[in-house]
Undergrad: 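Here you go, one structure.
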There are 2 protein chains.
Amino acid sequence: MKPTIYDIAREAGVSIATVSKVINNTGRIGDKTKQKVMKVMKELDYQPSIVASALTGKRTHTIGLLIPDIANPFFAEIARSVEDMGNELGFSVMMCSTDNNIDKESKYISLLEQKRVDGIIIATGTRNTDVLQNLLKKKLPIALIARDLPSLPVDTVLVDDYMGGYEATSHLISLGHQKISIIAEDLKVMSSKERIRGYRQALEDHGMEYDEEQIHVSDFTIEGGREVAATILAENNPATAIFACNDLLAMGVIQAAREIGVEIPSDLSIIGFDNTILASLCDPPLTTIAQPIQDMGKQVVELLVKEIKQEKQSKQRVVLMPSLEVRNTTSDNTKNLV
Amino acid sequence: MKPTIYDIAREAGVSIATVSKVINNTGRIGDKTKQKVMKVMKELDYQPSIVASALTGKRTHTIGLLIPDIANPFFAEIARSVEDMGNELGFSVMMCSTDNNIDKESKYISLLEQKRVDGIIIATGTRNTDVLQNLLKKKLPIALIARDLPSLPVDTVLVDDYMGGYEATSHLISLGHQKISIIAEDLKVMSSKERIRGYRQALEDHGMEYDEEQIHVSDFTIEGGREVAATILAENNPATAIFACNDLLAMGVIQAAREIGVEIPSDLSIIGFDNTILASLCDPPLTTIAQPIQDMGKQVVELLVKEIKQEKQSKQRVVLMPSLEVRNTTSDNTKNLV
DNA sequence: CTGAAAGCGCTAACAA
DNA sequence: TTGTTAGCGCTTTCAG
């Protein structure tokens, strides 16, 4: 079996308390004893059990990461940055793909609690405030990323979605588009609302009319974007530009356009949101609103860990700025250049 | 604080042994007591500590997943299927991106051991046999996915890389290509060797000459593919087709070609490997060799869990068949149609 | 500077 | 059917 602290103590001729002290570098131990203990630990290839130490009240050094889908490039990239920063600060991360399904979400959370994770980072977009409220009551440290719940006192890191929506729309307007559709992810979700609000504001700031009809709802899949785009393009006097609220949706829009022979960007301009790796690789390369994913991941972990270590007293909200990344899916609306 | 088994016992007026029994559904307990205990558990929102139970010798119900990079779509897709199957069988998964770095790899493994995970799934491609050998000695269940180490007695799930290399090359040959370059990931790695072997065999089976010069080595990044492709295309009499050993490399090849104005597929045919989401989205859509990722993930987890539950006596190797997915980066080598 | 001993929350004989 | 008790491996007073 795996050697325990007792094995080390015996071999080194000391007590387990002493071994524990050298492991954790606590208390004061003579240099010789210390050396000896360390030597024995090497020899026996001793690995202290984190589960045992967690039982005594110490941390598990594990955090949970709740995301809709790790296979979605946006979240995979977030996961990577979370993992890196977590690792740097001494925390492992458990991945939980919820598909934005409320049941999966609560099951995963419950599981994470049973495993006594030190904290949870949440990026799923369900409107399931209760579960979170509950977590908060239990004092389980949580932090939100790329998701906003203004009603809750939680550490949050996100991009200014309003700004992003505004920029995306302004870009399209500056290109001469008069009829701009938007495909949102979920009207209930804050980030969606904000992007739409930005869209609307941009329209109004340019003296254009905001038309509810142009607001379409889908999800966060390529297929979803394809379907909605198909109906948009099938309209009588279709929009000349579409603002897809995430890159995956935009991919779907591109596909839909291609299927019915609509040229991009000459017949239709498309702008996405996120700037995942897909945006630079797709055909044609997608103009999109970039989120500083690396930075976001880094910052949530820092916030969460401070919370875990109780080095903070107040919750925090950090809002990062998105930026327009122009590629080849947007261009002048030549149709109107009579 | 969180309620413990003692709190439940007290509230329900029974012993902790009884509570433990109802939790685990073991032994025989009266229906009334059972109901009462369950009721109290609900009321106090009791969540048994998996860490405490793990300490008594039970499993942690957690497995580690070692991959090069979760942000790489191929591995993200693998991770998703592993997570799903794991979840189904009652295991959480801890993600570990190693960047194929030997140090990170051993650090992560050591960490996983300290956290007492029940098993580890390995998809990283380092030639670090020692660490694995060590794991094996310690009887820690491990399983390999998309990676082959024929010298070790380990459960393994992979695609027939030889076959894949053969098919990719045959496809190119059937299109009339006479000079086909191959960009491999790492000559030391088994899967790379096999793909090259398949490439060579296809060449020879069609009476073509195998030329060492056409073997190029890179890594698993777009940038890597771009660089190597650039040098290939800069040659005097460059290849008319490139077999990139993974989709990311292929993306790089596409970029390199575009940069110097080489048309795809008319001037240059490209075939990838993996069939990640990128292949269908890139420009132009990539012809590639598809790996049955879902199935692979599902099967490794099943193997690993059987190993963990000690329901197997012998190690197993399951080899799945890859399949050619023709898209738009390959076409007749018109140059030779004098 | 070092060790004895009391837990941490739960499981698993073994009794009753 | 239910309860007593001895651990699991480690941390942490508190003595020595």
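Chain naming here is simple, since letters A, B, ... match the order of the sequence lines and numbering starts at 1 in each.
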Undergrad: Parallel, tilted or perpendicular for B:F220 and B:F75, by the 30°/60° rule?
TA: perpendicular
Undergrad: Please report the closest heavy-atom contact between B:P292 and B:V159, naming both atoms and the distance.
TA: CD-CG2, 3.5 Å
Undergrad: For the pair made of NZ in B:K36 and P in D:dT1, what is the distance, rounded to whole Å?
TA: 18 Å
Undergrad: With sugar-phosphate meaning primed atoms plus P, OP1 and OP2, does A:V51 contact a base, only sugar-phosphate, or nothing at under 4.0 Å between heavy atoms?
TA: nothing
Undergrad: Whole-Å distance between C:dA13 C1' and B:I16 CD1?
TA: 13 Å
Undergrad: So does B:S49 get a side-chain nitrogen or oxygen closer than 4.0 Å to the phosphate oxygens (OP1/OP2) of C:dG9?
TA: no
Undergrad: Using a strict 4.0 Å threshold on nitrogen-to-oxygen distance, state whether A:D155 and A:K306 make a salt bridge.
TA: no
Undergrad: With a 4.0 Å cut-off, would you call A:E307 and A:K312 a salt bridge?
TA: yes
Undergrad: Of the candidate nucleotides D:dC10, C:dT2, D:dT1, which contains the atom at the shortest distance from the side chain of B:R28?
TA: D:dT1
Undergrad: Between A:K315 and A:L152 (side chain of the first, backbone of the second, donor and acceptor by atom type, cut-off under 3.5 Å), is there such a pair?
TA: no
Undergrad: Quick one: which of C:dT11, D:dC10, D:dT11 gets closest to the side chain of B:I5?
TA: C:dT11
Undergrad: Rounded to whole Å, how long is the line connecting atom CE of B:M1 with atom C1' of C:dG9?
TA: 13 Å
Undergrad: Among C:dC8, D:dC8, C:dA4, find the nucleotide with the atom closest to the side chain of B:T56.
TA: D:dC8
Undergrad: Look at B:T33 and D:dT2 and indicate whether a side-chain polar atom (N or O) is within less than 4.0 Å of OP1 or OP2.
TA: yes
Undergrad: Quick one: does A:Y6 reach the base of D:dC8 with a side-chain donor-acceptor pair under 3.5 Å?
TA: no
Undergrad: From the set D:dC10, C:dT11, D:dT11, return the single nucleotide nearest to any side-chain atom of A:Y46.
TA: D:dC10
Undergrad: Closest nucleotide of DNA chain D for B:G57 versus for A:V19: which of these residues is on the 5' side?
TA: B:G57
Undergrad: How many Å lie between CG on A:L55 and P on D:dT12, as a whole number?
TA: 13 Å
Undergrad: Closest approach to the side chain of A:K21, judged atom by atom: which nucleotide of C:dG3, D:dC10, D:dT4 is it?
TA: C:dG3
Undergrad: Just by modelled atom types, is the A:S97 backbone N or O under 3.5 Å from a matching donor or acceptor in the B:E83 side chain?
TA: yes
Undergrad: Return the nearest nucleotide to the side chain of B:S53; candidates are D:dG9, D:dT1, C:dT11.
TA: C:dT11
Undergrad: Hey, which of these two, B:T18 or A:K2, hits DNA chain D nearer its 5' end, going by closest nucleotide?
TA: B:T18
Undergrad: Whole angstrom is fine here: how far is it from CD1 in A:I23 over to P in C:dT2?
TA: 15 Å
Undergrad: Let me know the distance between CG of B:D31 and C1' of D:dT1, rounded to the nearest Å.
TA: 12 Å
Undergrad: For the pair made of CZ in A:R116 and C1' in C:dC10, what is the distance, rounded to whole Å?
TA: 11 Å
Undergrad: Rounded to whole Å, please give me the gap between CG in A:N24 and C1' in C:dT2.
TA: 16 Å
Undergrad: Just to be sure I understand the rule, does A:S20 reach a base, reach only the sugar-phosphate, or reach nothing, if contact means heavy atoms closer than 4.0 Å?
TA: base
Undergrad: Heavy atoms under 4.0 Å, any strand shown: does B:G30 hit a base, just sugar-phosphate, or nothing?
TA: sugar-phosphate
